[in-house]
**Student:** 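Input: one structure, supplied below.
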Amino acid sequence: MDTYDAQTIEAKWQAVWEAEQAFSVPNPEPGAPRDPRKFYMLEMLPYPSGNLHMGHVLNYTLGDVVTHFKRRNGYQVLRPMGYDSFGLPAENAAIREGGSPREITERNIASISRQMRRMGWAIDWQREVSAHEPSYYRWTQWLFLKFLEHGLVYRKEAPVNWCPNDQTVLANEHVVDGRCWRCGAIVEARDMAQWFFKITAYADQLLADLDTIDWPERTKKIQTNWIGRSEGAEILFRVEELDLDIPVFTTRPDTLFGATFFVVAPESPLVDRLVEGTERADEVRAYARVAAARPTEERESREKTGVFTGRHATNPATGEPIPIWVADYVLMEYGTGAIMAVPAHDERDREFAEAFELPIVPVVSDDGTLVSSDRFDGLPWVEAKAAITEWLSGRGAAKPAVNFRLRDWSFSRQRYWGAPIPVVYCEDDGIVPVPEDELPVLLPEITDYRPKGQPPLAASEEFMNVTCPRCGGPARREADTMDTFVDSSWYFLRYTDPHDEHEAFARDLADYWMPIDQYVGGIDHAKGHLLYSRFFAKALNDFGLLGVREPFQRLFHQGWVKLAGKRMSKSQGGVSPDELVEQFGADPIRIYILFQGPADQDIDWTPDGIEATVRFIRRLWRVVHEAAERPASPEGVDTPLARKAHETIARVTDDIDRRFVFNTPISAVMELLNDLSKAPDDPAARFAAETAVSLLQPYAPHVCEELWGAFGRERLWQEPWPVADEALLERTTVQLVLQVNGKVRDRIEVPAGLPEDELIARAKASEKVQAHLNGVEPKAFVVPDKLVNLVV
RNA sequence: GCCGAAGUGGCGGAACUGGCAGACGCGCCGGACUCAAAAUCCGGUGCCCCUCGGGGCGUGCGGGUUCGAUCCCCGCCUUCGGCACCA
């Protein structure tokens with residue numbers, strides 16, 4: 001037998017898999033019924049920086065174990081791969097180092113693709129897609145047009161998040177603690193005309209349908225918080241002098257009798273109407289202008305500022321006039337941009353009232369019932385919410401209302417390396433969509449990618465100047481490009497029909513494979529990609545293009561691989577999987593990264609112990625070759641080693657399939673190997689060795705394939721997953737734990753299935769137990785076949 | 001501030017449904033092989049005490065429920081994450 005040589009073995013089997021396209025799965029014939037054993041396995045696609053990092057290795061190895069496991073259990077597994085290849089890093093690299101984003105991206109794809117193949121992952125490479133290729137973004141543009149057609153895309157002048165460093169607008173989802181998620185620069189508020197997806201139209205469904213999917217609770221919680229549904233009432237406050245009814249949203253209509261003043265956001269168009277022609281107009285407008293322009297951070301410092309407008313509104317409950325103020329603690333984006341202030345029961349209103357000496361009237365007593373609320377006095381506040389809303393609705397002054405925190409998704413970017421937005425601006429016809437048959441709107445090759453106050457595309461006259469598809473007159477193209485999160489909101493659908501030149505994807509193919517049965521990726525995408533994709537699925541379903549309303553049936557988040565406490569990412573050097581693979585081989589790295597701990601927990605990277613994994617494989621190699629010299633184990637052989645092997649099959653299967661844990665199966669195989677090496681003469685030795693190799697195959701497919709050959713067998717990747725023999729899992733004798741007062745005093749071997757009396761009798765017979773009973777007659781607690789606790 | 005998750009040997013972790021805490025691996029200690037070392041193999045390894053039979057303590061801290069708690073309940077500490085002037 002040769003010694004274990006990772007490089008040779010891995011090259012050999014990777015060539016075989018490549019030549020056979022061993023992990024490609026064909027699409028069904030048209031009209032074929034859906035195979036109940038179809039399994040769509042997907043990990044989030046990588047951004048193609050030049051190199052894999054250990055986080056990728058964990059993510060895709062985990063997916064690989066599931067892929068092999070499901071394949072060998074008879075599933076038809078779709079497991080594709082692609083590249084999220086538009087985006088800022090390549091563009092910034094081009095600016096910094098020269099070259100074009102396209103060259104850089106394509107070089108990176110070639111590199112990362114080679115590294116992925118070198119890891120031996122079981123991917124259907126025939127379905128590879130890249131977001132930056134016209135054959136892909138043509139359909140991203142087409143989908144944009146569908147959304148536009150259905151009124152789910154619009155362009156609007158609005159305050160948006162501007163990253164001064166990256167020179168582009170950001171979605172709310174990508175502002176983290178007031179900073180750009182990518183570069184960390186402090187984000188500024190700017191009024192700009194931008195393109196939005198109307199994701200808020202689906203707020204209710206995005207929330208409600210969380211109940212229908214098998215996702216981690218914490219992820220559902222993040223989305224729930226982000227969507228931020230509040231139930232309450234919309235109440236009208238009348239400004240008699242102006243014959244104006246101003247609506248406010250409140251979650252506490254029960255406190256209406258305590259509303260002693262009224263506040264309008266500085267950005268609100270109401271400000272002008274309220275003060276127009278009054279002597280306070282200048283002062284109020286000046287405040288509003290300054291307040292609206294204050295940077296977000298400063299605005300969030302809770303120092304209350306504001307100014308009285310001189311106007312009054314009527315509290316519809318009390319009929320009393322209350323003063324209307326303008327203050328920046330009221331946000332234009334939420335609710336109606338105006339509030340009723342109840343200083344007795346709202347902390348912010350209280351601070352404001354104290355600062356400006358406004359009246360504070362408590363209307364809910366300590367026991368939770370209403371006071372100073374006229375006919376509602378004594379009513380519990382929870383009941384009063386509906387009662388007061390109903391009372392006012394009789395007069396047309398209120399109605400039940402729901403409000404969401406979620407904002408529409410701003411997705412236009414003022415940068416180059418993205419899919420052009422397929423519309424033109426015509427002087428006569430306004431915004432005109434590019435006709436479908438003129439797609440794709442190709443991203444032109446330019447040489448200067450630097451943003452200079454306008455998007456780089458705006459400088460390309462050739463690109464910008466077009467004729468209006470509607471009137472034939474002169475028109476200008478949209479110069480903004482799409483957020484890369486648009487690309488990744490539908491890539492999983494393209495995989496089902498990756499080469500289609502006539503449509504984004506055939507509905508029957510998407511419906512055949514969707515939903516994704518198991519999705520794996522980082523929790524950092526909880527409120528971004530994972531929310532956008534859900535929105536896309538629902539919208540496409542409404543357009544009649546897709547059968548499902550939820551794209552990801554089951555979701556798992558792998559933990560972070562950290563280096564000195566920091567998340568590893570493409571931007572960090574330090575640990576290169578490429579070098580590790582060269583030094584140790586792919587199999588040891590694959591086993592090592594999964595053996596570190598539960599895959600959903602963070603890992604502090606240390607290379608200590610990779611050698612141990614190599615040692616484990618060498619030991620497996622040696623023990624298996626020794627066992628392969630022995631005669632085949634008789635069918636159904638019943639020895640301790642045979643039982644251990646069946647027990648290992650049961651454990652590994654349950655761990656991967658039901659528990660979705662990937663570290664303990666490795667331990668289980670190690671235990672089996674330990675037992676095997678201690679009992680090389682056991683008649684089940686060969687069976688135990690075959691079992692160990694077979695069970696480890698999803699983790700270390702190359703060396704296991706090679707070792708399978710030592711048994712004179714081949715194509716382990718196609719071999720059915722082993723099944724444990726139930727009869728051999730049952731124990732004839734069991735170890736009975738004997739406790740006195742809850743402390744273990746003895747362990748004895750007894751036949752399985754003894755009745756409780758007999759177990760108690762045997763427990764009392766133990767000398768070690770008697771020594772602690774002191775002759776007292778104990779009370780007994782029995783767990784059959786496991787434990788007897790005697791209490792004195 | 002509100003909401004959520006986690007905390008187990010020197011280290012990574014195991015213990016799945018309230019029933020033997022520490023599987024498996026790293027590290028460390030001892031032994032075999034060797035002129036020697038590496039590699040490999042064998043044995044030991046939670047802490048403390050011990051008359052070598054064993055005994056006590058132990059899963060962040062303090063309480064509780066239970067015959068029995070790493071697991072359930074209450075309070076606290078620490079770390080991490082989400083939301084945050086959201087009416």
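Not measured: the values here are computed from a predicted model. Note that these values count all heavy atoms, side chains included, but never hydrogens, waters or copies made by symmetry. Below, chains carry the letters A, B, ... as their sequence lines are ordered, and counting in each starts from 1.
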**Student:** In whole angstrom, give the distance that lies between atom CG of A:Leu695 and atom P of B:C24.
**Tutor:**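 Going from CG in A:Leu695 over to P in B:C24 covers 17 Å.
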
**Student:** Using atom CD of A:Glu231 as one end and atom P of B:A87 as the other, report the distance to the nearest whole Å.
**Tutor:**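 Interatomic distance, CD of A:Glu231 to P of B:A87: 12 Å.
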
**Student:** Tell me whether the side-chain N or O atoms of A:Lys786 pair up with the base of B:C20 as donor and acceptor below 3.5 Å, since no angle test is needed here.
**Tutor:**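 By the distance-only test, no, there is no pair.
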
**Student:** Is NZ or CZ of A:Arg252 both nearer than 6.0 Å to the six-membered ring centre of A:Trp381 and within 45° of the ring axis?
**Tutor:**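 Judged by the rule (NZ or CZ under 6.0 Å from the ring centre, within 45° of its axis), A:Arg252 counts as positioned above A:Trp381.
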
**Student:** Once you apply a heavy-atom cut-off of 4.0 Å, does A:Arg747 come out as touching a base, just sugar-phosphate, or nothing?
**Tutor:**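 A:Arg747: base contact, heavy atoms under 4.0 Å.
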
**Student:** Find the distance A:Arg659:CZ to B:C16:P and express it as a whole number of Å.
**Tutor:**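 Atom-to-atom, A:Arg659 to B:C16, this comes out as 7 Å.
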
**Student:** Any strand counts, and the cut-off is 3.5 Å on both contacts for Watson-Crick or G-U wobble. Which nucleotide pairs with B:G43?
**Tutor:**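 The answer is B:C29, by the H-bond criterion.
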
**Student:** Looking at B:C20, B:C24, B:A87, which one has an atom nearest to any side-chain atom of A:Met670?
**Tutor:**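 Selected nucleotide (nearest to the side chain): B:C24.
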
**Student:** Suppose you measure atom P in B:C73 against the same atom in B:G7; what distance do you get, rounded to whole Å?
**Tutor:**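 Rounded to whole Å, the distance is 14 Å.
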
**Student:** Where the side chain of A:Ile222 is defined as all heavy atoms beyond and including C-beta, which of B:G13, B:C20, B:G82 is the nearest nucleotide?
**Tutor:**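 In terms of side-chain proximity for A:Ile222, the closest of B:G13, B:C20, B:G82 is B:G82.
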
**Student:** Just checking A:Asn741: base, sugar-phosphate only, or nothing, at a heavy-atom cut-off of under 4.0 Å?
**Tutor:**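 No contact.
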
**Student:** Since syn is defined as within 90° of 0, does B:G30 count as syn or as anti?
**Tutor:**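 Glycosidic conformation of B:G30: anti.
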
**Student:** Measuring only the P atom in each nucleotide, how far is B:A6 from B:C67? A whole number of Å is fine.
**Tutor:**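 Per the computed distance, 28 Å lies between those P atoms.
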
**Student:** Do we get A:Arg534 above A:Trp226's six-membered ring, with its NZ or CZ under 6.0 Å from the centre and within 45° of the axis?
**Tutor:**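 Checked: cation-pi criterion not met.
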
**Student:** Taking the P atom of each, how far is B:C42 from B:C24, in whole Å?
**Tutor:**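 13 Å, rounded to whole Å.
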
**Student:** Rounded to the nearest Å, what distance is computed from the CG atom of residue A:Leu530 to the C1' atom of nucleotide B:G82?
**Tutor:**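 Rounded to whole Å, this separation is 14 Å.
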
**Student:** Searching all strands shown, indicate the nucleotide that pairs with B:A38 (Watson-Crick or G-U wobble; both distances under 3.5 Å).
**Tutor:**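 Checking every strand shown, B:A38 finds no partner, since no pair has both distances under 3.5 Å.
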
**Student:** Once you apply a heavy-atom cut-off of 4.0 Å, does A:Arg658 come out as touching a base, just sugar-phosphate, or nothing?
**Tutor:**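 Answer is base: heavy atoms of A:Arg658 come under 4.0 Å of a base.
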
**Student:** Taking the same atom, C1', in B:U79 and in B:C61, what whole-Å distance lies between them?
**Tutor:**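 To the nearest whole Å, 15 Å.
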
**Student:** So, does A:Asn674 get its side chain near the phosphate of B:G25, meaning an N or O under 4.0 Å from OP1 or OP2?
**Tutor:**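 True: A:Asn674 side-chain N/O within range (under 4.0 Å) of B:G25 OP1/OP2.
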
**Student:** Does A:Arg745 reach a base, just sugar-phosphate, or nothing at all? Heavy atoms under 4.0 Å.
**Tutor:**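 Counting heavy atoms under 4.0 Å across all strands, the contact made by A:Arg745 is with sugar-phosphate only.
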
**Student:** Ring centroids only, cut at 6.0 angstrom: are A:Trp325 and A:Phe261 within range, meaning strictly under it?
**Tutor:**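 No; A:Phe261 has its ring centre 6.0 Å or more from that of A:Trp325.
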
**Student:** Would you please confirm or rule out a distance under 4.0 Å between OP1 or OP2 of B:G81 and any side-chain N or O of A:His557?
**Tutor:**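 So the side chain of A:His557 is outside the cut-off, no N or O lying under 4.0 Å from OP1 or OP2 of B:G81.
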
**Student:** Salt-bridge test for A:Lys764 and A:Glu777: reply yes if a basic N is under 4.0 Å from a carboxylate O, no otherwise.
**Tutor:**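 A:Glu777 and A:Lys764: salt-bridged.
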
**Student:** For the rings on A:Trp409 and A:Tyr532, is their centre-to-centre separation under 6.0 Å?
**Tutor:**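 Centroid separation for A:Trp409 and A:Tyr532: below 6.0 Å.
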
**Student:** Can you tell me if A:Arg619 and A:Ser677 form a side-chain donor-acceptor pair at under 3.5 Å?
**Tutor:**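 Indeed, the side chains of A:Arg619 and A:Ser677 share at least one donor-acceptor pair under 3.5 Å.
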
**Student:** Sticking with atom C1', work out how far B:G56 lies from B:A23, rounded to a whole angstrom.
**Tutor:**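 So the two C1' atoms sit 25 Å from each other.
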
**Student:** Quick check on RNA chain B: between A:Asp346 and A:Asn225, whose nearest nucleotide comes earlier from the 5' end?
**Tutor:**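 Counting from the 5' end, the first nearest nucleotide belongs to A:Asn225.
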
**Student:** Take atom P in B:U70 and the same atom in B:G9, then report the distance between them in whole Å.
**Tutor:**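 Rounded to whole Å, the distance is 14 Å.
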
**Student:** State, without any angle test, whether A:Thr664 and A:Asp655 hold a side-chain donor-acceptor pair at a distance under 3.5 Å.
**Tutor:**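 Yes.
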
**Student:** Compare the minimum distances between each of B:C20, B:A87, B:C41 and the side chain of A:Arg619, then state the nucleotide with the smallest one.
**Tutor:**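 Looking only at heavy atoms from C-beta outward on A:Arg619, the closest nucleotide is B:C41.
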
**Student:** Send over the distance from A:Glu767 CD to B:G54 P, rounded to a whole Å.
**Tutor:**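 From A:Glu767 CD to B:G54 P: 12 Å.
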
**Student:** Which part of the nucleic acid, if any, lies within contact of A:Thr606, taking any heavy atom under 4.0 Å across all strands shown: a base, the sugar-phosphate backbone alone, or nothing?
**Tutor:**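 Here A:Thr606 touches no strand at all.
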
**Student:** Distance check needed: B:G82 P versus A:Glu217 CD, whole Å only.
**Tutor:**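 My rounded result for the distance is 18 Å.
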
**Student:** Is there a Watson-Crick or G-U wobble partner for B:G7 with both distances under 3.5 Å, and if so, which one is it?
**Tutor:**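 In the structure as shown, B:G7 has B:C77 as its Watson-Crick or wobble partner.
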
**Student:** Which nucleotide, B:A87, B:G82, B:G12, lies nearest any side-chain atom of A:Gln596?
**Tutor:**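 Nearest nucleotide to the side chain: B:G12.
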
**Student:** With a 4.0 Å limit, can you tell me whether A:Arg218 has a side-chain N or O closer than that to the phosphate oxygens OP1/OP2 of B:C80?
**Tutor:**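 Result: no.
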
**Student:** Do you see a donor-acceptor pair shorter than 3.5 Å between the side chains of A:Thr305 and A:Tyr329?
**Tutor:**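 Side-chain D/A pair, A:Thr305 to A:Tyr329: absent.
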
**Student:** Which whole number of Å gives the distance between the P atom of B:C76 and that of B:G25?
**Tutor:**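 My reading of the P atoms in B:C76 and B:G25 gives 42 Å.
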
**Student:** Base, sugar-phosphate or nothing for A:Lys221? Non-hydrogen atoms, less than 4.0 Å.
**Tutor:**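 Here A:Lys221 touches the backbone only, sparing every base.
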
**Student:** Could you check whether A:Trp181 and A:Phe485 have their ring centres less than 6.0 Å apart?
**Tutor:**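 So the answer is yes for these two rings.
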
**Student:** With the side chain of A:Val791 defined as its heavy atoms from C-beta on, choose the nearest nucleotide among B:A14, B:C67, B:A87.
**Tutor:**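 Per side-chain heavy atoms of A:Val791, the pick is B:C67.
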
**Student:** By nearest atom, which of the nucleotides B:C85, B:G25, B:A14 is closest to the A:Asn663 side chain?
**Tutor:**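 The answer is B:A14, which lies nearest to the side chain.
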
**Student:** Could you give the NZ-to-C1' distance, from A:Lys764 to B:C67, as a whole number of Å?
**Tutor:**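 Result: 15 Å.
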
**Student:** So, is A:Arg615 near the phosphate of B:G25, with a side-chain N or O under 4.0 Å from OP1 or OP2?
**Tutor:**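 For B:G25, OP1/OP2 do not have a side-chain N/O of A:Arg615 under 4.0 Å.
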
**Student:** Identify whether any heavy atom of A:Asp654 sits under 4.0 Å from a base atom; if not, whether one sits that close to sugar-phosphate; answer base, sugar-phosphate or nothing.
**Tutor:**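 The answer is base, as A:Asp654 lies within the cut-off (heavy atoms under 4.0 Å) of a base atom.
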
**Student:** For B:C57, does either OP1 or OP2 sit under 4.0 Å from a side-chain N or O belonging to A:Lys743?
**Tutor:**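 Affirmative; the distance criterion is met.
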
**Student:** Please name the nucleotide paired to B:U65 by Watson-Crick or G-U wobble geometry with both distances under 3.5 Å, or report none.
**Tutor:**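 Result: none.
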
**Student:** Look through every strand shown and name the nucleotide pairing with B:C24 as Watson-Crick or G-U wobble, where both distances are under 3.5 Å.
**Tutor:**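 Check on B:C24: paired to B:G12, both distances under 3.5 Å.
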
**Student:** Could you tell me which nucleotide pairs with B:G54 by Watson-Crick or G-U wobble geometry, both distances under 3.5 Å, or answer none if nothing does?
**Tutor:**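 In the structure as shown, B:G54 has B:C49 as its Watson-Crick or wobble partner.
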
**Student:** Which is true for A:Gln601 with a 4.0 Å heavy-atom rule: it touches a base, it touches only sugar-phosphate, or it touches nothing?
**Tutor:**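 Sugar-phosphate only.
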
**Student:** Would you check if A:Tyr329 stacks with the base of B:C85, given a 5.5 Å centroid limit and a 30° plane limit, both strict?
**Tutor:**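 A:Tyr329 vs B:C85: stacking no.
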
**Student:** Between B:G55, B:A14, B:G25, which one does the side chain of A:His772 approach most closely?
**Tutor:**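 So the side chain of A:His772 is nearest to B:G55.
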
**Student:** When the nearest nucleotide of RNA chain B is assigned to A:Tyr334 and to A:Leu787 on a heavy-atom basis, which residue is associated with the more 5' position?
**Tutor:**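 On the 5' side of the pair lies A:Leu787.
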
**Student:** Quick one: classify the glycosidic conformation of B:G75 as syn or anti, with syn meaning within 90° of 0.
**Tutor:**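 B:G75: anti glycosidic orientation.
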
**Student:** Between B:A87 and B:G81, how far is it from one P atom to the other, in whole Å?
**Tutor:**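 25 Å, rounded to whole Å.
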
**Student:** Using a strict threshold of under 4.0 Å (side-chain N to carboxylate O), is an ion pair present between A:Glu351 and A:Lys304?
**Tutor:**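 A salt bridge is present here (some side-chain N lies under 4.0 Å from a carboxylate O).
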
**Student:** Are OP1 or OP2 of B:A23 and a side-chain N or O of A:Arg651 less than 4.0 angstrom apart?
**Tutor:**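 No, A:Arg651 has no side-chain N/O under 4.0 Å of OP1/OP2 on B:A23.
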
**Student:** In whole angstrom, what separates A:Glu347's CD from B:C2's P?
**Tutor:**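 Taking atom P of B:C2 as the reference, CD of A:Glu347 is at 10 Å.
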
